[in-house]
There are 2 protein chains.
Amino acid sequence: MTETTALGVSPQDLPACPVETTLRLIGNKWEVLVLRDLMPGTKRFGELKQSIGGVSQKVLTAKLREMEADGLVERHVYAEVPPRVEYSLTPLGRSLKPVLDSLEQWGTAYKKKVAAAAR
Amino acid sequence: MTETTALGVSPQDLPACPVETTLRLIGNKWEVLVLRDLMPGTKRFGELKQSIGGVSQKVLTAKLREMEADGLVERHVYAEVPPRVEYSLTPLGRSLKPVLDSLEQWGTAYKKKVAAAAR
DNA sequence: TTGTTTGGTTTCTTTTTTGTAACTATACAC
DNA sequence: GTGTATAGTTACAAAAAAGAAACCAAACAA
């Protein structure tokens with residue numbers, strides 16, 4: 001294995017359509033926002049929770065676990081007290097940057113149009 | 001107005017983050033799949049329902065109405081019997097092509113990795 | 001002993017999304 | 001009159017996602 005990811009997925013479990021395949025992994029709002037906030041680098045659980053904004057602890061934990069299982073996110077626990085847990089993207093997670101970029105670019109352009117139409 | 005879209009949105013109603021802004025419009029799986037299937041061109045309601053696969057009539061109608069209200073989709077009713085209703089993307093909807101492309105490209109690459117890991 | 005901190009888990013409730021099935025309009029064919 | 005076809009709508013039910021709040025562990029500080 002050349003990459004540190006959990007690719008133990010059966011190919012036949014994936015939808016035929018590549019778009020649906022991608023949605024299977026990041027089809028949820030929170031997952032996209034985790035990606036957005038980890039793209040610049042490592043963050044602790046609390047930082048992530050705050051930067052995402054509006055996520056409950058429960059949901060954030062659940063999404064991070066899913067993304068870890070999917071090989072998008074890495075979790076590092078430091079044996080300190082109080083505990084420190086850092087999250088970062090795996091190479092597979094970082095490979096989603098073009099998707100994030102396209103979402104950001106479209107949103108920026110759209111906001112510009114909306115602002116122009118409001119004048 | 002230079003474009004045929006419903007941009008009657010208050011700019012302050014949109015999230016500050018452009019990624020979240022985009023998600024506000026296409027943050028749902030069905031919306032992305034409608035986009036995917038209308039990207040090549042006009043489709044009738046029944047065709048769309050079939051090509052998306054697994055959507056109920058109710059949900060598809062609801063999503064198409066939302067996307068129409070958001071200015072992404074156009075609806076043309078032909079006064080025939082039985083009725084014919086055609087859906088197509090507006091320029092704003094078509095402007096999401098780069099997003100769709102990035103989703104497709106990532107999905108394709110991911111499937112390749114998964115297939116390689118399975119060998 | 002009690003309080004503090006971080007990163008959770010658990011339980012319960014609410015909201016959102018989706019599904020199912022029945023019902024509709026319209027005109028034409030039989 | 002009955003059946004057919006398309007593109008819906010409506011009412012009701014179920015499932016999934018999310019939110020709120022309480023609880024927990026561990027070590028250190030006061």
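Protein chains get the first letters and strands the later ones, always in sequence-line order, with residue 1 at the start of each.
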Visitor: Holding to ring-ring contact (aromatic ring centres under 6.0 Å, His included), I want the full list of residues that pass it with A/W106, two or more places apart in sequence or in another chain.
Guide: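 For A/W106 the ring-ring contact (aromatic ring centres under 6.0 Å, His included) partners, ignoring immediate neighbours, are A/Y110.
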Visitor: Would the distance check show the side chain of B/K111 and the main-chain N or O of A/P15 forming a donor-acceptor pair, the cut-off being under 3.5 Å?
Guide: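 It does hold such a pair.
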Visitor: Look at all strands and tell whether A/Y78 reaches a base, only sugar-phosphate, or nothing, counting heavy atoms closer than 4.0 Å.
Guide: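 If one applies the 4.0 Å heavy-atom cut-off, A/Y78 turns out to touch nothing in the nucleic acid.
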Visitor: Round to a whole Å and report the spacing from CG of B/L60 to P of C/dT20.
Guide: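 In whole Å, C/dT20 P and B/L60 CG are 15 Å from each other.
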Visitor: Can you sort out the partners of A/E80 under side-chain hydrogen bond (donor to acceptor under 3.5 Å, both in side chains), two or more places apart, ordered by chain and number?
Guide: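 With neighbours one apart ignored, the set is A/R84.
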Visitor: What pairs with A/R24 under salt bridge (charged side-chain N to carboxylate O under 4.0 Å, His left out), at least two apart in sequence or on another chain?
Guide: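 With neighbours one apart ignored, the set is empty.
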Visitor: Please list all pairs passing the ring pair (Phe, Tyr, Trp, His ring centres under 6.0 Å) test where one or both residues lie in residues 40-81 of chain A, with sequence neighbours left out.
Guide: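 Of all non-adjacent pairs touching residues 40-81 of chain A, none passes ring pair (Phe, Tyr, Trp, His ring centres under 6.0 Å).
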Visitor: Quickly work out the B/H76 NE2 to D/dA7 P distance and round it to whole Å.
Guide: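 It works out to 15 Å between those atoms.
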Visitor: Who are the side-chain hydrogen bond (donor to acceptor under 3.5 Å, both in side chains) partners of B/S102, not counting sequence neighbours?
Guide: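 So B/S102 forms a side-chain hydrogen bond (donor to acceptor under 3.5 Å, both in side chains) with A/S102.
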Visitor: Any sub-3.5 Å donor-acceptor pair from A/T22's side-chain atoms to B/L103's backbone N or O?
Guide: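 Looks like yes, one N/O pair under 3.5 Å.
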Visitor: Starting at NZ of A/K58 and ending at P of C/dT9, how long is that distance when rounded to a whole Å?
Guide: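 Distance, rounded to whole Å: 12 Å.
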Visitor: Can you check whether B/R65 has a side-chain N or O nearer than 4.0 Å to OP1 or OP2 of D/dT9?
Guide: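 Answer yes for this pair, as a side-chain N or O of B/R65 is under 4.0 Å from OP1 or OP2.
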Visitor: Taking side-chain hydrogen bond (donor to acceptor under 3.5 Å, both in side chains) as the definition, give me every residue that meets it alongside B/D37, ordered by chain and number, with sequence neighbours left out.
Guide: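 With sequence neighbours excluded, B/D37 shows a side-chain hydrogen bond (donor to acceptor under 3.5 Å, both in side chains) to B/S51, given in chain and number order.
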Visitor: Looking at residues at least two apart in the chain, or sitting in another chain, which of them share a side-chain hydrogen bond (donor to acceptor under 3.5 Å, both in side chains) with A/K97?
Guide: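 Per chain and number, A/K97 pairs via side-chain hydrogen bond (donor to acceptor under 3.5 Å, both in side chains) with A/D101.
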Visitor: In whole Å, what is the span from the NZ atom of A/K63 to the C1' atom of D/dA17?
Guide: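 Nearest whole value for this atom pair: 7 Å.
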Visitor: Among all residues two or more places apart in sequence or in another chain, which pass the salt bridge (charged side-chain N to carboxylate O under 4.0 Å, His left out) test with B/R36?
Guide: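 Salt bridge (charged side-chain N to carboxylate O under 4.0 Å, His left out) check on B/R36 returns A/E20.
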Visitor: For the pair made of CG in A/L64 and C1' in C/dT9, what is the distance, rounded to whole Å?
Guide: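 Result: 15 Å.
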Visitor: Looking at DNA chain C, which of residues 45-56 of chain B put a heavy atom within less than 4.0 Å of it?
Guide: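 Residues of residues 45-56 of chain B under 4.0 Å from DNA chain C: B/G54, B/S56.
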Visitor: Counting only heavy atoms and a strict 4.0 angstrom limit, can you tell me which residues of residues 17-35 of chain A come near DNA chain D?
Guide: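 A/N28, A/W30 - these, ordered by number, are the residues of the stretch whose heavy atoms sit under 4.0 Å from the strand.
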Visitor: Please list each protein N or O that sits under 3.5 Å from an N or O in nucleotides 24-30 of chain D, with the distance.
Guide:
none

Visitor: Not counting sequence neighbours, list each pair that qualifies as a salt bridge (charged side-chain N to carboxylate O under 4.0 Å, His left out) and has a residue in residues 6-19 of chain A.
Guide: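 Sorted result for residues 6-19 of chain A: empty, none.
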Visitor: Is A/R44 near enough to C/dT5 that one of its side-chain N or O atoms lies under 4.0 angstrom from OP1 or OP2?
Guide: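 Looking at the OP1 and OP2 atoms of C/dT5, neither is under 4.0 Å from any side-chain N or O of A/R44.
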